[in-house]
Amino acid sequence: MLQVAFIREHKDTVINRLKKRNIDASQMIEDVITLDEERRQLQTQLDNTLAESNSISKEIGLLYKSGKAAEANVLKEKTTQLKEDSKSLNEQLNAKTDALNHLLYQIPNVPHDSVPTGNSDEDNEEIYTEGDIPKLHDNALPHWELAKKYDIIDFELGTKITGAGFPVYKGKGARLQRALIAYFLDKNTAAGYTEYQLPLLVNEASGFGTGQLPDKEGQMYHVGEDNLYLIPTAEVPGTNLFRDELVSENDLPIAITGYTPCFRREAGSYGAHVRGLNRLHQFDKVEILRVEHPDRSYEALNEMVDHVKTILKELKLPYRILRLCGGDLGFTSVLTYDFEVFSTAQDRWLEISSVSNFETFQANRLKLRFKNQDGKTQLCHTLNGSSLALPRVLAGILENYQTEDGIKIPEVLIPYTGFDKI
RNA sequence: GGAGAAAUGGCAGAGUGGUCGAAUGCGGCAGUCUUGAAAACUGUUGAGGGUCACACCUCCGGGGGUUCGAAUCCCUCUUUCUCCGCCA
């Protein structure tokens, strides 16, 4: 969430930048400022009341010590009113703080200056393309047909044992998945990211820390009995590693990577665009995640983009990079680059990676800070990106690498699969 | 799952009703010494709110209570450790 002090000092910038998301936040921003002022007033009143009551208590202690019990008892009566006052002030303060926070949770992050204004994915800005779109033979198939033809992914079996959106990978399909995971992790660790294996279920505090809670609980699977959530992305456990941490400036940057399955309810998504591997309830993803000094978080963002580029280049998949417009930008993000692979058989672009800088938006909630050279504590910047999401990369490989007599395996993956063709 | 013990600053660890935001050690930072470093010595060093700056307020696992006053007493939750049971 945004910092109140920042809102107070940059009111107009905040309102103007939020217009990029097509929202008029002026009323909310005014309300935040008013609530915060009221909150601080109450805080001061409460502090003064407590200060008075503290000093009387000290006096009482001294009087008892010197045997003046009668005088002490007179003072005791004075504290009764103070106690009532502080109790009521405290209740008011809590109510005010809750109202302020409730409002702050509803305000999305302030988009970067370079983010284009816009409503939908049509307004995203294409900033880079690479790779040739292959010319496929006449009988080229979309990946869900290929999956059936070569018996490598079984969607019906998944539906039987769990439900739609839980595919079963078989034989060379399963092996190709494992190869991709290992390949991605190897690329990420070679680039300096430390590999982590993270819990797949998280508690409420973690969901809250990365912004899935409150409000978006409907998107996560919930284990009611233990009040745990299945992670929708490794971002949740990965970022929460640093919740309530005060790191040293020398510890920065922190760069981690992890493979996890991801679970998303995707309530309300149906239709042709969710066929096959395009949208699933359970899928695999390798994530990269960084905690950065505020001065170099954009440099880090570019490094992450370059890193993903080299992977796609090695896989020889045609892709493009988009700068997301305000309307398509995630709630917590300042600036996001989406990577899309061209699916030749479906004749459409498939999103396979999303690389974002959140600046202090997550760190503020997480209380993830570092001590700067002046000894002051300061919020870190957090960033993350997929490197990469499996199903659509798999779909891209299957569709773009198909030939009349089988699907070729990208060269860099052969050491991992142990075969060069499906 | 049963029984017992514990949770204190970046870490370790003292503190059982008032002058305790908290001894001490380690670590960090600054300095002295040194060609430089190490060692030694000296000083300094928790977080949040608030203020122009002070003052002041809050925080000793979370929440609640007793008391004029709580790190300290009571209730409750969570977590950790030890023993027993179960188990990949």
Side-chain angles (χ1 to χ4, degrees), chain A residues 1-9 32-101 103-104 197 199-209 213-214 223-229 237 240-254 291 293 360 362-380:
Chain A
M1 63 187 186
L2 295 173
Q3 298 169 85
V4 179
F6 182 83
I7 293 178
R8 236 189 299 159
E9 283 158 34
V32 164
I33 292 171
T34 311
L35 281 168
D36 179 55
E37 259 165 37
E38 291 169 357
R39 200 210 92 233
R40 272 151 52 213
Q41 263 177 32
L42 283 166
Q43 180 80 61
T44 308
Q45 285 178 50
L46 175 63
D47 285 358
N48 292 339
T49 311
L50 289 173
E52 198 178 340
S53 138
N54 283 346
S55 82
I56 291 178
S57 288
K58 268 183 195 161
E59 238 178 286
I60 290 173
L62 291 172
L63 286 171
Y64 270 124
K65 262 189 188 161
S66 51
K68 295 173 183 163
E71 285 179 43
N73 285 331
V74 175
L75 280 180
K76 270 194 199 179
E77 279 170 31
K78 271 178 82 177
T79 62
T80 320
Q81 185 61 43
L82 288 172
K83 274 179 98 172
E84 274 172 31
D85 290 351
S86 64
K87 196 177 173 186
S88 132
L89 283 167
N90 197 32
E91 277 164 12
Q92 291 175 57
L93 177 66
N94 286 340
K96 200 60 81 180
T97 307
D98 287 350
L100 176 61
N101 283 336
L103 194 53
L104 283 171
Q197 272 197 20
L200 306 182
L201 285 91
V202 293
N203 58 28
E204 235 175 359
S206 294
F208 182 86
L213 300 174
V223 182
E225 200 173 358
D226 297 298
N227 197 24
L228 296 172
Y229 294 86
N240 273 285
L241 293 172
F242 306 103
R243 172 152 47 87
D244 294 319
E245 291 290 327
L246 178 56
V247 301
S248 146
E249 189 166 357
N250 300 330
D251 295 338
L252 300 177
I254 296 166
V291 179
H293 191 286
T360 59
Q362 289 183 326
N364 188 31
R365 261 205 210 190
L366 291 164
K367 296 200 182 67
L368 165 53
R369 300 146 302 162
F370 70 98
K371 228 187 235 306
N372 68 21
Q373 279 162 347
D374 304 329
K376 292 256 160 92
T377 51
Q378 210 180 326
L379 290 171
C380 301

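Numbered from 1 within each chain, the chains take letters A, B, ... in sequence-line order.
rG46(B) and rA12(B): their C1' atoms are spaced 15 Å apart (whole Å). For the P atoms, the distance from rA39(B) to rC75(B) is 49 Å, rounded to whole Å. When the C1' atom is compared between rU79(B) and rC68(B), the two are found 34 Å apart, to the nearest whole Å. Spacing of P atoms, rG1(B) relative to rG15(B), comes out at 34 Å, to the nearest Å. Taking the P atom of each, rU24(B) and rA14(B) are spaced 15 Å apart, rounded to whole Å. Annotation: rC74(B) and rA55(B) have their C1' atoms spaced 35 Å apart (nearest Å). Separating the P atom of rA71(B) from that of rC57(B) is a span of 13 Å, rounded to the nearest Å. Here the separation of rU51(B) from rG64(B), taken at their P atoms, is 26 Å to the nearest Å.
Nucleotide rC41(B) forms a pair with rG31(B), judged by Watson-Crick or G-U wobble geometry with both contacts under 3.5 Å. The partner of rA5(B) is rU80(B), judged by Watson-Crick or G-U wobble contacts that both fall below 3.5 Å. Base-pair partner of rA70(B): not found among the strands shown (Watson-Crick or G-U wobble, both distances under 3.5 Å). Base pairing annotation: rC26(B) forms a Watson-Crick or G-U wobble pair with rG10(B), both donor-acceptor distances under 3.5 Å. Within the shown strands, rC59(B) is the pairing partner of rG46(B) under the Watson-Crick or G-U definition, both distances less than 3.5 Å. In a base pair of the Watson-Crick type (N1 to N3 plus N6-O4 or O6-N4) or a G-U wobble (N1-O2 and O6-N3), with each distance short of 3.5 Å, rG36(B) is matched with no nucleotide. Across all strands shown, rG17(B) forms no Watson-Crick or G-U wobble pair with both distances under 3.5 Å. Pairing for rA88(B) is absent, with no Watson-Crick or G-U wobble pair whose two atom distances lie under 3.5 Å.
Of the inter-residue distances, the one linking Gln362(A) atom CD with Arg365(A) atom CZ reads 9.5 Å to the nearest 0.5 angstrom. Distance CG/Asp85(A) to CG/Leu50(A): 10.5 Å, rounded to 0.5 Å. Put simply, CG on Leu2(A) and CZ on Arg8(A) are 13.5 Å apart, with the number rounded to the nearest 0.5 Å. Note that CG of Asn227(A) is 8.5 Å distant from CG of Asn203(A), once rounded to the nearest 0.5 Å. Note that the NZ atom of Lys58(A) and the OG atom of Ser53(A) stand 11.0 Å from one another [nearest 0.5 Å].
Straight-line distance from the CG atom of Leu62(A) to the P atom of rG69(B): 16 Å, rounded to whole Å. The CG-P distance, from Asn227(A) to rU78(B), rounds to 12 Å in whole Å. Distance, Arg40(A) CZ to rG48(B) P: 17 Å, rounded to whole Å. Remark: P of rA47(B) and CG of Leu366(A) are 19 Å apart, rounded to the nearest angstrom. Look at CZ on Arg8(A): it is 10 Å from C1' on rG50(B), rounded to the nearest Å. In this entry the distance linking CD of Gln43(A) with P of rC59(B) reads 11 Å, nearest Å. When the P atom of rG61(B) is taken as reference, atom CZ of Arg243(A) falls 18 Å away, rounded to whole Å. Between Asn90(A) atom CG and rG49(B) atom P there is a gap of 18 Å when expressed in whole angstrom units.
For Ser57(A), the listed nucleotide lying nearest its side chain is rG18(B); candidates were rG18(B), rG48(B), rU58(B). Residue Leu246(A) has its side chain nearest to rA47(B) when only rC68(B), rA47(B), rC57(B) are considered.
Residue-level contact check: Thr44(A) touches neither bases nor backbone, having no heavy atom under 4.0 Å from any strand. Among the atoms of the strands shown, none is found under 4.0 Å from any heavy atom of Leu75(A).
For the residue pair Phe370(A) and Leu379(A), the shortest heavy atom distance occurs at CE2-O, 3.7 Å.
Looking only at atom types and distance, the side chain of Glu77(A) has no donor-acceptor partner in the side chain of Asn73(A) under 3.5 Å away.
Residue-to-nucleotide proximity on RNA chain B shows that, of Asp47(A) and Lys76(A), the 5′-proximal contact is made by Asp47(A). Between Lys83(A) and Lys58(A), the residue whose closest nucleotide on RNA chain B is further toward the 5' end is Lys58(A).
A close approach under 4.0 Å does not occur between any side-chain nitrogen or oxygen of Thr79(A) and OP1 or OP2 of rG69(B). Under 4.0 angstrom from either OP1 or OP2 of rG49(B) there lies no side-chain N or O belonging to Arg39(A). Considering only side-chain N and O atoms, Asn54(A) lies under 4.0 angstrom from the phosphate OP1 or OP2 of rC57(B).
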